[in-house]
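This report concerns only the one structure given below.
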Amino acid sequence: MARIEAADFHDIAKPGDVRLSPDGEEVAFVRKVPDDDESYESTVHLVPSDGSEEPRQFTVSEGGDSQPRWSPSGDRIAFVSNRGKDDDRPQLWIIPVGGGEGRQVTEVPAGVQGISWSPDGTRIAFTQSTTADEREEGLDVDISEEDEYERETPDPRVIDRTVYRTAQQYFDGARSHVYVAHVGTELAGVDDVEVERVTDGDVDFGGPEWGDASTLYYTAQDVGDDPDDSHRYSIYAYDTNAEEAEKVHETSGWGAGIAANGDGRVAFLYSEEDQMSIQPTELKTVDVASGDVAWISEELDRGLGYEAAPQWGPDGEHVYFSTPDEGKTSVWCAPGDANEAPSRVVRPGAVSAAHVGEDQLAFAMSEWDHPGDVFVCSRQHADQPGLDGGTGVSREGCRRLTELNDDYLDDVEVQEPEELHFNSEQGEVHGWTITPDDFDEDDSYPLAVEVHGGPHAMWTTAGTMWHEFQTLAARGYVVFWSNPRGSTGYGEDYMQAIERDWGDVTLTDVMAGVDLLTERDYVDEDDVHLTGGSFGGFMTSWAVGQTDFFTSAVSQRGVYDLTGFYGSTDGAYSLVEGDFDTTPWEEPEFLWEKSPMGHAHQVDTPTLLIHSDDDYRTPVCTAELWHRILRKQGTDTRFVRYPREGHELSRSGEPGHIVDRIERIARWFDGYSEHQDAERALDREANDGLSAGEEEDGDDESEE
């Protein structure tokens, strides 16, 4: 059996955006796999829900396809694609299920997002971010008459907003608005489809969801003197016949996902405004006619995940949602009026996408032995109580519809994690460990410690880190990861335990797991390496500023100075206000003391820094300062920066960059490990031992 390598990322396919057909007989999903070092191939596939046939590719391999959505009649699938485009403006397409070519039905300037069919199957709502000039000139609905339309980049940029960029792009005056494409009931093209904008103003709108055929609901960030500095949002009902919008509810939340049924009830996410970043995300519903609000998740000590979106079941009376849940993902069901507590439907593994059908629940899931496949299970939950010990349907109660990586997995050695429950001085902690491929308990191995981001997130035995963990194990490391205090999935008190202290509270839990493993004879306590990204980067740099225990460290896209982070990040500056309950002008010394930067002059641990040039969530400025201080101290360090990448480098960056990042982590560890026959990375050529170096050698040979 071959060992798993970083470069194997190019061979790993992952499923996403799972959707059951209206009759429940087929499941549509997106299969995403690296195409080359810089891009991915994303195509829509179909598979029978009874598992009677293998999945078949439904859209052509040209560009990137996403968001497959069945029409209510099931005869067409709408999807978003940039096929045939040399830009990043994906358009809306429709393809007949019974056979035939897909047709592009929009030509808009900013790209289509968040598509939703009307119940009568004649219209599709979507959002796009457009400028005031585009809206005034009508270019926001159609640029087909323009020759290679390009939006001008402001020069200079004049900033008049509190939050003026996010992810890896500037807003540049654009606002997200809601549009409706009138596609009819037949297969139409761009020339036959009218696109209208249904929102207006210098406000961001989102989340279009149809109720009945004449009511479109959406959200608006329009509350307060400065909506950028508020987490309150409005929910509107738009009457498509009268062409009028009515505000039906106002609430607060870290996210603004909604779902509507046909009887005038809207499910929405909610978090308390006070210190919102440290509050769990709850689920509520509002009866539009009466204004009555029901708290769906009130009795559930679990918050919804960052990207969780509620869904109504086919009866329109029950709402479904997912939460992190002690190292797995639970999908829950509850009556829309909250007259019963939520019940678990399924809790099988790391669920990344789920969709409720007439009788089944379809979802994409990864587990320790595979990086992702499509499953279905019964959505019946009557015998699966969630609050008195019931766990929902297990993996054994589900039907696996795909084996996307079967050939690859047949050829490599995958290590099964050992589940750990251990105690720190703060209480119990949940974690996992895996051992190297050729593990021998009589030998001794180095330990690689991974810390998750968030900070309010949760790791599992799979998910986006599956490949990285398995790669490090294959290279000879015992790998340890955990969900220390601050993590979601273990209750509100557990999540809030890091209030005003990200560093020491988390480090206490992590070190308790490290102590547990280094007590084992096969783990070398003098050869322990540390890494993490985002909040994990904060923790990596915090740890090496507090202790010389670690042999080496790799800090990725971290937060090094809380005050610098507050001023340079996007809307995530509210993490400082929420988690630390302060601001830089109220307690500047306190935030400096609680920042890794305040202790950077004490760092002796060899530390590699990895960052993305276009990361506007944890901007590179604080990493630059951290690196300079380490250089001034004479500490072994190197700064690796990836162009064209944002905060999602490790999850959805260019494939070549993802591979390079994992290889550089391992090479840095190897150079300081007594168990690896390797020089320090600082003593090697920049790309020596990396895939990038192999490509350069190959290029030289071909030129000769």
Side-chain angles (χ1 to χ4, degrees), residues 18-24 27 49 69-70 72 116-117 119 207 209-212 215 217 235 248-249 251 253 255 257-270 281-305 307-325 329-348 351 353-363 375-394 397-398:
V18 174
R19 292 280 159 166
L20 275 158
S21 62
D23 61 11
V27 178
S49 61
R69 300 291 183 268
W70 297 86
S116 176
W117 281 94
E209 289 285 333
W210 294 90
D212 56 33
T215 309
Y217 296 93
I235 300 173
V248 298
H249 195 61
T251 186
I258 62 172
N261 68 8
D263 296 326
R265 190 179 286 274
V266 180
F268 61 93
L269 306 183
Y270 164 81
T281 299
E282 307 283 0
L283 181 65
K284 295 187 176 184
T285 64
V286 58
D287 186 302
V288 172
S290 67
D292 292 341
V293 174
W295 191 346
I296 302 299
S297 57
E298 183 175 13
E299 298 183 50
L300 191 65
D301 193 15
R302 296 287 183 271
L304 280 70
E307 299 178 355
Q311 300 173 45
W312 288 93
D315 60 6
E317 296 180 359
H318 290 80
V319 64
Y320 292 75
F321 60 99
S322 64
T323 70
D325 193 6
T329 305
S330 283
V331 178
W332 304 81
C333 175
D337 58 7
N339 63 9
E340 294 179 8
S343 296
R344 281 191 185 95
V345 180
V346 63
R347 184 178 176 264
V351 175
H355 185 240
V356 182
E358 189 68 35
D359 299 306
Q360 300 176 101
L361 176 74
F363 53 94
F375 296 78
V376 295
C377 71
S378 169
R379 69 174 183 85
Q380 301 303 315
H381 59 278
D383 297 325
Q384 302 294 341
L387 298 174
D388 58 357
T391 60
V393 177
S394 66
C398 302

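The shown structure was predicted, so the numbers you read here are calculated from the model rather than taken from an experiment.
- With a 4.5 Å cut-off on side-chain heavy atoms, Phe321 and Ile296 count as touching.
- Shown are Val351, Val376, Val18, Val331; of these, the side-chain contact (heavy atoms from CB on, under 4.5 Å) with Leu361 is made only by Val331.
- Distance CD/Gln311 to OH/Tyr320: 10.0 Å, rounded to 0.5 Å.
- In this structure, Ser378 and Val345 approach most closely via the heavy-atom pair O-CG1, 3.8 Å.
- Using a 3.5 Å distance cut-off with no hydrogens or angles, the side chains of Asn339 and Asp337 do pair a donor with an acceptor.
- Put simply, the side chain of Arg347 reaches to within 4.5 Å of the side chain of Asp325, judged on heavy atoms.
- In this structure, CD in Glu358 is found 8.5 Å from CG in Asp315, a value given to the nearest 0.5 Å.
- Within the 4.5 Å cutoff, the side chain of Pro310 has heavy atoms near those of the Leu269 side chain.
- Taking CD1 of Ile235 as the start and CZ of Phe268 as the end, the distance is 5.5 Å to the nearest 0.5 Å.
- Across all their heavy atoms, Ala260 and Gly211 have their closest contact at CB-CA, 4.1 Å.
- The structure places SG of Cys333 at 10.5 Å from CD of Glu317, a figure rounded to the nearest 0.5 Å.
- No donor-acceptor pair closer than 3.5 Å links the side chain of Ser297 to the backbone N or O of Glu282.
- Taking the six-membered ring where tryptophan is involved, the planes of Phe363 and Phe375 are essentially parallel, since the angle between them stays under 30° and well short of 60°.
- Residues satisfying the side-chain contact (heavy atoms from CB on, under 4.5 Å) criterion with Ser49, sequence neighbours excluded, are Leu20, Val27, Gln360.
- Between the side chains of Ser21 and Asp23, at least one donor N or O sits under 3.5 Å from an acceptor N or O.
- Summarising the geometry of Trp70 relative to Arg19, their closest heavy-atom pair is NE1-O, 3.1 Å, with the distance given to 0.1 Å.
- For the pair Thr285 (side chain) and Gly336 (backbone), a donor-acceptor distance under 3.5 Å is present.
- Residue Gly303 comes nearest to Thr323 through the heavy atom pair O-CB, 3.5 Å, listed as atom of the first residue, atom of the second, then distance.
- Once rounded to the nearest 0.5 Å, the distance linking NE2 of His249 with OH of Tyr270 reads 9.0 Å.
- Residue Gly305 comes nearest to Pro324 through the heavy atom pair N-CD, 3.8 Å, listed as atom of the first residue, atom of the second, then distance.
- Here the side chains of Arg265 and Asp263 are not in contact, with every heavy-atom distance at 4.5 Å or above.
- One finds the CG atom of Asn261 at 7.5 Å from the OH atom of Tyr217 (value rounded to the nearest 0.5 Å).
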